[in-house]
Colleague: 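Sharing a structure, written as structure tokens. Questions coming.
All figures in this text were calculated on a predicted structure; none of them were measured in a lab.
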Amino acid sequence: MQLRLPTSVSEARECLAEGAIPVGGATLVWAAWQRDGFPEQAVSLRKVPEATVVGGGVLGGAVLLGQVDERVPRVLRQAAKGVGTGAVRRAATVGGNIAGSSLRDLLPAAMVLDARADVLTADGVYEVELAEVVAKSPVLLALRWREPVAGAYTKVPDPAGGEVPSIVAAALDTEGVLRVAVREGYAVSGGSMGADGGELEELFAGELSGVSEAGRELVREQVSSVRGE
């Protein structure tokens, strides 16, 4: 397998156009490649500046989870810190977690930051909503958001011994909108309130209607924490 390491967006586009398979730390695909065979060529964005930026409201898709630090909001930093082991965080990337994983530990944090994604294709770079990233698993070049006033993040193992820990994230923006996102199992749901929107119980009757009672209690705790109550 030839690993291509472009140093610009235009070079990365050429790699994709020529059939190179996107790869970050390969933590999600290595076992499958060993079993099914390696592609002729793969492409990593780890030398592309737009994919490795950290801070200023931007987080590159090729940034390693272990490199996510105080330059990003606390809610996103906690999400990255909670993924796997130290060895995994030294190899796994932001893009792989959000666009390539079925767990997507960083997704609830990105949702409450009202983040948008820059995705890379052979035709160019496009800004899309997170819902499209989840649906289509594109090559994630970067996440972008506006800095929040406050945020909170909790990851709780399933008390029944399940394999997928629950995640609850919340963040308050500068316009008074408070966003909440919950992952239970593999399902992620989210909604917002405040700034002339509805309140928490209305979310539980609507966008968060599928959240368990245990999950709702965590949401209540985080909302109170973010509001300083």
Side-chain angles (χ1 to χ4, degrees), residues 54 57-59 61 63 65 68-84 89 92-99 101-117 129-134 140 142-159 162 164-195 197-204 206-229:
V54 183
V58 186
L59 182 62
V63 173
L65 298 183
V68 179
D69 55 23
E70 66 279 353
R71 290 172 289 178
V72 306
R74 179 171 175 264
V75 62
L76 193 55
R77 190 164 69 247
Q78 287 181 298
K81 185 177 180 180
V83 176
R89 293 190 294 275
T93 63
V94 171
N97 184 271
I98 293 181
S101 170
S102 59
L103 291 175
R104 296 186 168 97
D105 288 53
L106 272 62
L107 179 60
M111 288 172 61
V112 300
L113 292 174
D114 196 26
R116 293 184 64 82
E129 296 182 353
L130 291 174
E132 184 168 335
V133 176
V134 173
L140 180 63
L143 291 175
R144 298 181 180 276
W145 63 86
R146 289 184 297 174
E147 294 297 317
V149 173
Y153 179 92
T154 302
K155 185 175 183 179
V156 182
D158 185 343
V164 182
S166 296
I167 289 174
V168 178
L172 178 67
D173 71 15
T174 56
E175 297 178 352
V177 177
L178 196 157
R179 295 180 177 84
V180 179
V182 181
R183 185 191 77 188
E184 288 187 322
Y186 294 96
V188 180
S189 55
S192 63
M193 56 186 171
E199 286 302 315
L200 188 53
E201 295 307 317
E202 293 179 53
L203 282 184
F204 289 148
E207 292 98 324
L208 302 183
S209 61
V211 175
S212 69
E213 187 51 47
R216 294 185 182 202
E217 185 57 34
L218 285 173
V219 170
R220 294 186 184 99
E221 292 175 5
Q222 287 202 350
V223 167
S224 295
S225 172
V226 169
R227 283 177 165 172
E229 299 173 348

Colleague: What distance do Gln78 atom CD and Ile167 atom CD1 have between them, rounded to the nearest 0.5 Å?
Modeller: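 Gln78 CD to Ile167 CD1: 11.0 Å, rounded to 0.5 Å.
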
Colleague: Report the C-alpha distance between Leu172 and Arg227 in whole Å, list the side-chain angles of each, state the deciding distance to 0.1 Å, and finish with yes or no for side-chain contact (heavy atoms from CB on, under 4.5 Å).
Modeller: CA-CA 8 Å; Leu172 178 67; Arg227 283 177 165 172; 5.6 Å; no

Colleague: Keeping the roles fixed (side chain from Arg104, backbone from Ile98), state whether a donor-acceptor pair exists under 3.5 Å.
Modeller: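 Yes.
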
Colleague: Closest heavy-atom contact between Leu200 and Val219?
Modeller: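 Here Leu200 and Val219 meet closest at CD1-CG1, 3.6 Å.
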
Colleague: Distance from Leu218 atom CG to Glu213 atom CD, nearest 0.5 Å?
Modeller: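 One gets 10.5 Å once the value is rounded to the nearest 0.5 Å.
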
Colleague: Under the 3.5 angstrom rule, does the side chain of Ser224 hit a backbone N or O of Arg220 as a donor-acceptor pair?
Modeller: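 Confirmed, Ser224 side chain pairs with Arg220 backbone.
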
Colleague: Verify side-chain contact (heavy atoms from CB on, under 4.5 Å) between Thr154 and Glu221, making sure each step is shown before the conclusion.
Modeller: CA-CA 10 Å; Thr154 302; Glu221 292 175 5; over 6 Å; no

Colleague: How long is the span from the CG atom in Leu113 to the CZ atom in Arg144, to the nearest 0.5 Å?
Modeller: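 Here the rounded value is 14.5 Å.
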
Colleague: How far apart are the closest heavy atoms of Ala109 and Val75, and which atoms are they?
Modeller: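 Reported closest heavy-atom pair: CB-O, 3.7 Å.
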
Colleague: Supply the atom-to-atom distance Trp145 CH2 to Leu130 CG, rounded to the nearest 0.5 angstrom.
Modeller: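 Interatomic distance, Trp145 CH2 to Leu130 CG, rounded to 0.5 Å: 11.0 Å.
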
Colleague: So which heavy atom on Val133 is nearest to which on Ala117, and how close?
Modeller: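 Heavy-atom minimum between the residues: CG2-CB, 3.6 Å.
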
Colleague: State the OG1-CG distance between Thr93 and Leu65, to the nearest 0.5 angstrom.
Modeller: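 Answer rounded to 0.5 Å: 7.0 Å.
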
Colleague: Distance check, rounded to the nearest 0.5 Å: Ser189 atom OG versus Met111 atom CE?
Modeller: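 Those atoms lie 7.0 Å apart.
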
Colleague: Are there more than 12 heavy atoms of other residues, nucleotides or ligands under 6.0 Å from atom CZ of Arg74?
Modeller: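 For Arg74, atom CZ is not crowded (no more than 12 foreign heavy atoms under 6.0 Å).
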
Colleague: Whether the side chain of Arg183 engages the backbone of Pro165 through a donor-acceptor N/O pair (distance < 3.5 Å, no angle test) should be reported.
Modeller: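 Yes; judged by distance alone, with no hydrogens or angles, the pair exists.
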
Colleague: Decide if atom CD of Glu217 counts as having more than 12 heavy atoms of other residues, nucleotides or ligands within a radius under 6.0 Å.
Modeller: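 It does: Glu217 CD has more than 12 such atoms within range.
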
Colleague: For Asn97 versus Ser101, what's the shortest heavy-atom pair and its separation?
Modeller: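 Result for this residue pair: O-CB, 3.2 Å.
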
Colleague: To check you understand the geometry: which heavy-atom pair defines the closest contact between Glu147 and Pro73, and what is its length?
Modeller: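 Closest approach of Glu147 to Pro73: OE1-CG, 3.6 Å.
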
Colleague: So which heavy atom on Tyr153 is nearest to which on Asp105, and how close?
Modeller: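 Looking at all heavy atoms of both residues, the shortest contact is OH-O, 3.5 Å.
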
Colleague: Using the salt bridge (charged side-chain N to carboxylate O under 4.0 Å, His left out) rule, take Arg216 and Glu201 through it: C-alpha gap first, then chi angles, then the decisive distance, then the call.
Modeller: CA-CA 10 Å; Arg216 294 185 182 202; Glu201 295 307 317; 5.4 Å; no

Colleague: May I ask you to check whether over 12 heavy atoms, not counting those of Lys155, lie within 6.0 Å of atom NZ?
Modeller: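 Yes, because the 6.0 Å sphere around NZ of Lys155 holds more than 12 heavy atoms from other groups.
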
Colleague: Go through it in stages, so that I can follow the logic: the residues are Arg179 and Asp114, the test is salt bridge (charged side-chain N to carboxylate O under 4.0 Å, His left out), and I'd like the CA-CA distance, side-chain angles, deciding distance and then a yes or no.
Modeller: CA-CA 8 Å; Arg179 295 180 177 84; Asp114 196 26; 3.4 Å; yes

Colleague: Decide, yes or no, whether a salt bridge links Arg116 with Glu132 under the criterion of side-chain N to carboxylate O below 4.0 Å.
Modeller: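 Glu132 and Arg116: not salt-bridged.
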
